[in-house]
Amino acid sequence: MASMARSGETLLLKLMNAHPKIVIVHNLSKEDSEFKNKAFEFFKSFYSYTISRGHEIVKPYNLKRGQLLLLKQGVWKHKHPFKGFILSRNPVSIYSSLKAYDQLHPEYDSENNFWFENSKRMERWMNDMEPEKITQILEQSPIDQFCSFYNIRMNDLHSTGLPIIRYEDLVTDTQEVLQKICTILNIDMDDAMLKSHEQYEKGAVGHGQNDLSKPIDTSSLFKYKKNVTQEEFEIIKEKTQMVHEKFGYELKESEIFCKQL
């Protein structure tokens, strides 16, 4: 699952985790175990599409024959071709989510340094993708940092030609989108995915401070309106247009539209 951070990755991992044929490698839980972290580092440069169940790196997962390992590729670039799909989200909502995520930090300063943790993230993420561009990006304003990173990341993913799954479609037409993903992965749809939240105790926290017990809804589609100014909206619209349009997004008059792909 290739994407950009804050694109709904934990939500989709939770849904896919309910399928008996799928095993999530990492980043569903709030904190990963040591063996999951080791597996993640191993698969970041893994060159094959298959792996033996007896391989030392996957033994702790207790895999069954034919199960699929689903790896989240959110803020790093795989060194080899890979199978799967792209999870996309409109850039305004991603920017809004990153701003909100920084607000959880105890040293958050809305007036003087609202982007301080995100600057560190941009540097760390670029180091795993295109390290030669780190200095160029960090010299920019916060919103320009975001636009540059979004363009680099999502344009690169689009060039893979992999099927695109939009977050917006996932939360509005969940069953249809999950069926599409299952078809991509060559497995049958399982209705347990539609009730995945029932597998968690109320308030269970997953990766990225996500509530795993919360059923899917569409409220997240409009959160950007409380967290993104009109000026920020227009900057993102202008500076990411050539890329976000490739994923079927149209930004117009402070509204986000999804065209048919």
Side-chain angles (χ1 to χ4, degrees), residues 1-46 49 51 55 57-63 67-80 82-89 93-94 97-98 100-102 104-105 117-118 120-129 149-150 153-154 156-157 160 162 164-167 170-171 174 177-178 181 184-185 192-193 196-197 199-201 203-214 216 220:
M1 181 182 74
S3 60
M4 179 172 170
R6 311 308 294 176
S7 293
E9 301 144 305
T10 304
L11 170 63
L12 185 49
L13 288 180
K14 178 182 74 173
L15 297 172
M16 302 307 291
N17 190 51
H19 197 295
K21 294 280 285 185
I22 294 175
V23 175
I24 306 302
V25 174
H26 78 309
N27 268 186
L28 176 56
S29 304
K30 184 177 181 180
E31 293 183 7
D32 280 326
S33 62
E34 183 179 355
F35 81 80
K36 288 187 176 182
N37 287 325
K38 286 182 178 179
F40 165 61
E41 291 299 329
F42 174 83
F43 283 115
K44 281 177 70 174
S45 57
F46 191 57
Y49 296 134
I51 190 168
H55 194 290
I57 202 71
V58 297
K59 275 185 179 180
Y61 290 94
N62 297 313
L63 299 176
Q67 281 187 312
L68 302 178
L69 286 165
L70 184 59
L71 180 69
K72 168 187 165 183
Q73 188 203 137
V75 290
W76 53 278
K77 185 173 182 178
H78 206 289
K79 297 181 174 69
H80 305 282
F82 57 92
K83 293 182 179 180
F85 56 90
I86 298 166
L87 173 64
S88 76
R89 191 178 188 183
S93 290
I94 298 176
S97 184
L98 283 168
Y101 198 54
D102 248 13
L104 300 175
H105 196 281
E117 280 294 301
N118 282 319
K120 297 176 186 177
R121 293 187 187 100
M122 296 290 162
E123 182 174 9
R124 187 168 65 250
W125 296 343
M126 284 301 297
N127 192 55
D128 270 346
M129 292 195 297
F149 183 83
Y150 174 88
R153 175 60 173 169
M154 298 310 295
D156 184 62
L157 290 183
T160 65
L162 289 171
I164 297 169
I165 301 297
R166 289 189 302 210
Y167 172 83
L170 177 66
V171 298
T174 307
V177 172
L178 290 177
I181 295 174
I184 292 168
L185 301 179
M193 292 188 291
S196 60
H197 61 282
Q199 299 180 9
Y200 302 91
E201 295 182 1
V205 179
H207 186 77
Q209 303 298 321
N210 289 280
D211 184 351
L212 298 177
S213 67
K214 182 181 177 182
I216 217 167
S220 57

Within this structure, what is the [atom1]-[atom2] distance for the pair [X] and [Y], rounded to the nearest 0.5 Å?
| X | Y | atom1 | atom2 | value |
| --- | --- | --- | --- | --- |
| Met129 | Met122 | CE | CE | 9.0 Å |
| Lys83 | Thr160 | NZ | OG1 | 14.0 Å |
| Arg89 | Tyr150 | CZ | OH | 11.5 Å |
| Lys21 | Met16 | NZ | CE | 12.5 Å |

Over 60° means perpendicular and under 30° means parallel, so tell me whether [X] and [Y] are parallel, tilted or perpendicular.
| X | Y | answer |
| --- | --- | --- |
| Phe43 | Phe46 | perpendicular |
| Phe82 | His78 | tilted |
| His26 | Phe40 | parallel |

For this session: Have a look at Ile22 and tell me which of Leu13, Leu69, Leu185, Ile181 forms a side chain to side chain contact (heavy atoms under 4.5 Å, CB included) with it.
Result: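 Answer to the side chain to side chain contact (heavy atoms under 4.5 Å, CB included) test with Ile22 among Leu13, Leu69, Leu185, Ile181: Leu185.
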
All ring pair (Phe, Tyr, Trp, His ring centres under 6.0 Å) counterparts of [X], not counting sequence neighbours:
| X | result |
| --- | --- |
| Tyr167 | none |
| His55 | Phe42 |
| Phe35 | Tyr61 |
| His197 | none |

Looking at [X] and [Y], what are the two nearest heavy atoms and their distance?
| X | Y | result |
| --- | --- | --- |
| Ser3 | Leu87 | CB-O, 3.3 Å |
| Asn17 | Ile24 | OD1-CG1, 3.5 Å |
| Ala39 | Ile57 | CA-CG1, 3.8 Å |
| Ile164 | Ser88 | CG2-OG, 3.9 Å |
| Gly84 | Ile184 | O-CG2, 3.6 Å |
| Met1 | Leu12 | SD-CD2, 3.7 Å |

Partners passing salt bridge (charged side-chain N to carboxylate O under 4.0 Å, His left out) against [X] (at least two apart in sequence or in another chain):
| X | answer |
| --- | --- |
| Lys214 | Asp217 |
| Arg6 | none |
| Lys120 | Glu117 |

side-chain hydrogen bond (donor to acceptor under 3.5 Å, both in side chains) with [X]: which residues, sequence neighbours excluded?
| X | value |
| --- | --- |
| Asp211 | Ser213 |
| Asn37 | none |
| Ser7 | none |

For this session: Taking atom NZ of Lys36 as the centre, report whether more than 12 heavy atoms of other residues, nucleotides or ligands fall under 6.0 Å from it.
Result: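 Above 12, so yes.
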
Problem set entry | Atom NZ of Lys77: over 12 foreign heavy atoms under 6.0 Å | no

Problem set entry | Any donor-acceptor pair under 3.5 Å from Lys14 side chain to Leu212 backbone |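 Yes, the answer is positive, given that a donor and an acceptor are paired below the 3.5 Å cut-off.
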
Exercise. Under 3.5 Å, side chain of Asn27 to main-chain N/O of Lys72, donor-acceptor pair present?
Worked result: no

Exercise. Can you check whether Val58 reaches Val23 side chain to side chain, under 4.5 Å on heavy atoms?
Worked result: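 No, side chains not in contact.
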
Exercise. Any side-chain heavy-atom pair from Leu11 and Asn210 closer than 4.5 angstrom?
Worked result: no

Exercise. Between Arg124 and Asn127, do the side chains contain an N or O donor and an N or O acceptor separated by less than 3.5 Å?
Worked result: no

Problem set entry | Of all pairs that satisfy ring pair (Phe, Tyr, Trp, His ring centres under 6.0 Å), the ones with a partner from residues 2-24, not counting sequence neighbours |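 Pairs touching residues 2-24 that pass the test: none.
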
For this session: Please report the C-alpha distance between Leu28 and Thr10 in whole Å, then the side-chain angles of each, then the deciding distance to 0.1 Å, and finally whether the side chain to side chain contact (heavy atoms under 4.5 Å, CB included) criterion is met.
Result: CA-CA 6 Å; Leu28 176 56; Thr10 304; 4.2 Å; yes

For this session: Using the side chain to side chain contact (heavy atoms under 4.5 Å, CB included) rule, take Trp125 and Arg153 through it: C-alpha gap first, then chi angles, then the decisive distance, then the call.
Result: CA-CA 10 Å; Trp125 296 343; Arg153 175 60 173 169; over 6 Å; no

Problem set entry | Non-neighbouring partners of Glu123 that pass side chain to side chain contact (heavy atoms under 4.5 Å, CB included), sequence neighbours left out | Ile134, Leu138

